[in-house]
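All values derive from a computational prediction rather than experimental measurement.
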Amino acid sequence: MPPGSAKTIELLRIGNPWLVGQHVNRVVPVFAAHNVIAPDFSRSRSLQSIKDLAFDAGLAIRESLGPCLQVHTEDYRDLQETTFGLLAPERRIFQDHRKGGASEQGSLFPLVGGLTAPAASDDGLGKRLRELLLRHRSDWQRKLLELMAPSVVRDPATAFAARLLGGTSGESNPEEMPRRSLVLRGIDKACAEFVDNLLDLEPCDSRVPAIRRFAMGAYFVGVLRMVAGVVTDVGEELPQVFVYCGLPPGVGNDPLVRAASKSFNRWIAASHSATARQIHARLKETPVLPRTRKAERLRQQVRTLLGERLGEQQLDATMTGLARIVEGKELSEEWARRAIDSRTLGFSKSEYARRVRSLGANIGFAGPDRGRMPRLMLDTPLLGVLAQGIVGRGSLPYEDFVTRLSERFGLVTGIGSDDTIADRVGDLGSEGYDPYEVLQRNQELLRERMVRTGLARTYSDSHTEVFGHA
């Protein structure tokens, strides 16, 4: 079994269920969005034919779309290009060169609920966010259904998708909310409220951009929950990380870029350490059979926890792959730290940073994807998602917006309304720079960008308001 394989990651997920595997380049926002939306809709029988339509119109029309489409053969190529452009802008459906049409793998852009289906390629990120939302007591599910199954079609893209589905947006089949669940707190509550706000639309909002913001926002909080959430799971405070707010990606000799890079590495290290501690804690509380030999206890505990996640055949294969770090070992925090750094699990701090950089690069949240000085940043499209997710309806003073980012998600972009933040973020005062000045300059850069893009407005008294629906 290769280092860091899909099976061995299940041991890491004992400590952090949100972790994604080594093939992180496959994990993109559209897949996560499908896994949040799809449980509320029945799978369309025409879904595969609609995918086929992007590559082989003749095949799709012969298979099931004939009653919906009356197209001359000479127009097939135009139809294929239109379908691909509207329903696969992220290029996440793939041609099947052997059988023709599209592969069963891949997902369409979710213009309507009927185009969604569970996707394995997000490595469970969307599924875990969906589970979190089911514990969030609000009307988010109603708003999601209204977004994905509109009663009135107002744009040609939605009309085209509905035509392919036989004149409907899809058959809604809402998943039942659990009657009793633990109350969300901390970053879990912040993530759920953020996504909830993205579903809270104004009458003037266009559907397609709203769906795109929803997909990006769901993915964004999934990445944050993966990194920061495990730190709070072990009882520590939400980790603070400095975010570069100039125009991405910035230049390497900028003090803000250097501070952001150092802060990013500390952020990753805190999450990596917390994952090891959580693995140790979970295994320690797992009982073993009476009279189990000391050298067998750890193996038995690992097998018990993995047995809750894997089938018998997968479990046997995984335990074989883990033998080098489990057989004859004794459980301790030091063992957990060594185990996640081992070649067997392939989860060093640098590998973790690589995965987070790759995920973040998909939405303009981290960069560069390769090379030196990794850092968090905020690309312009992501700023709009942040404004709506944090503010919701109405507006918020700019300083309060900055403070909410740090309080809810640990994202430090400036002083905000909390003067103590400079003392709680490491590395800002290194290399002779004053932490307060670093934060003030970063905050002003963000203010200027938000005003320039119409997300905020500065008044004559120098007061700035951020608007959730700009």
Side-chain angles (χ1 to χ4, degrees), residues 26 28-122 126-127 130 141 144-175 206-208 210-212 214-215:
R26 302 175 183 173
V28 294
V30 68
F31 293 146
H34 272 255
N35 283 331
V36 175
I37 299 167
D40 285 333
F41 289 87
S42 299
R43 185 186 179 99
S44 170
R45 295 179 180 179
S46 302
L47 188 58
Q48 184 57 43
S49 292
I50 295 173
K51 291 182 185 179
D52 292 337
L53 189 61
F55 300 106
D56 189 338
L59 172 65
I61 289 172
R62 288 193 304 273
E63 289 291 330
S64 68
L65 298 183
C68 304
L69 298 170
Q70 287 78 45
V71 183
H72 295 295
T73 54
E74 59 266 27
D75 294 325
Y76 278 3
R77 184 175 180 82
D78 289 341
L79 178 59
Q80 289 168 194
E81 292 177 353
T82 298
T83 303
F84 194 90
L86 284 176
L87 302 184
E90 291 89 358
R91 299 178 177 271
R92 292 297 165 173
I93 57 172
F94 314 102
Q95 190 168 7
D96 189 329
H97 294 282
R98 187 168 62 88
K99 296 181 179 179
S103 166
E104 293 182 2
Q105 305 301 317
S107 298
L108 299 163
F109 180 78
L111 272 174
V112 292
L115 296 180
T116 63
S121 298
D122 81 327
K127 179 183 177 182
R130 172 80 189 193
Q141 193 174 34
L144 179 63
L145 290 169
E146 288 179 356
L147 176 64
M148 301 310 303
S151 56
V152 179
V153 175
R154 302 183 185 278
D155 63 272
T158 303
F160 179 69
R163 179 69 177 268
L164 297 179
L165 290 165
T168 175
S169 297
E171 182 183 347
S172 61
N173 184 25
E175 183 178 12
S206 299
R207 284 190 67 254
V208 177
I211 294 169
R212 194 173 296 280
F214 168 77

When rounded to the nearest 0.5 angstrom, what is the spacing between [atom1] in [X] and [atom2] in [Y]?
X	Y	atom1	atom2	result
Leu115	His34	CG	NE2	7.5 Å
Glu104	Leu47	CD	CG	10.5 Å
Leu164	Thr83	CG	OG1	6.0 Å
Ile61	Ser49	CD1	OG	10.5 Å

So do the side chains of [X] and [Y] get within less than 4.5 Å of each other, counting heavy atoms only?
X	Y	value
Arg92	Phe109	no
Leu53	Leu65	yes
Gln48	Glu63	no
Ser103	Gln95	no
Asn173	Asp40	no
Leu111	Phe160	no
Pro174	Gln141	yes

Can you give me the closest heavy-atom contact between [X] and [Y], atom names plus distance?
X	Y	value
Phe41	Ser172	CD2-CA, 3.7 Å
Leu86	Ala157	CD2-CB, 4.0 Å
Arg130	Val36	NH1-O, 2.7 Å
Ala215	Pro29	O-CB, 3.8 Å
Ala161	Val112	CB-CG2, 4.1 Å
Pro150	Arg207	CG-NE, 3.7 Å

*Has Glu171 got more than 12 heavy atoms of other residues, nucleotides or ligands less than 6.0 Å from its CD?*
no

*Passes side-chain contact (heavy atoms from CB on, under 4.5 Å), Ile93 versus Ser107? Steps please.*
CA-CA 6 Å; Ile93 57 172; Ser107 298; 5.7 Å; no

_Derivation and outcome, ring pair (Phe, Tyr, Trp, His ring centres under 6.0 Å), residues Phe84 and Phe55_ = CA-CA 8 Å; Phe84 194 90; Phe55 300 106; 5.8 Å; yes

*Does one side chain, of Asp155 or Thr158, offer a donor that lies under 3.5 Å from an acceptor on the other?*
yes

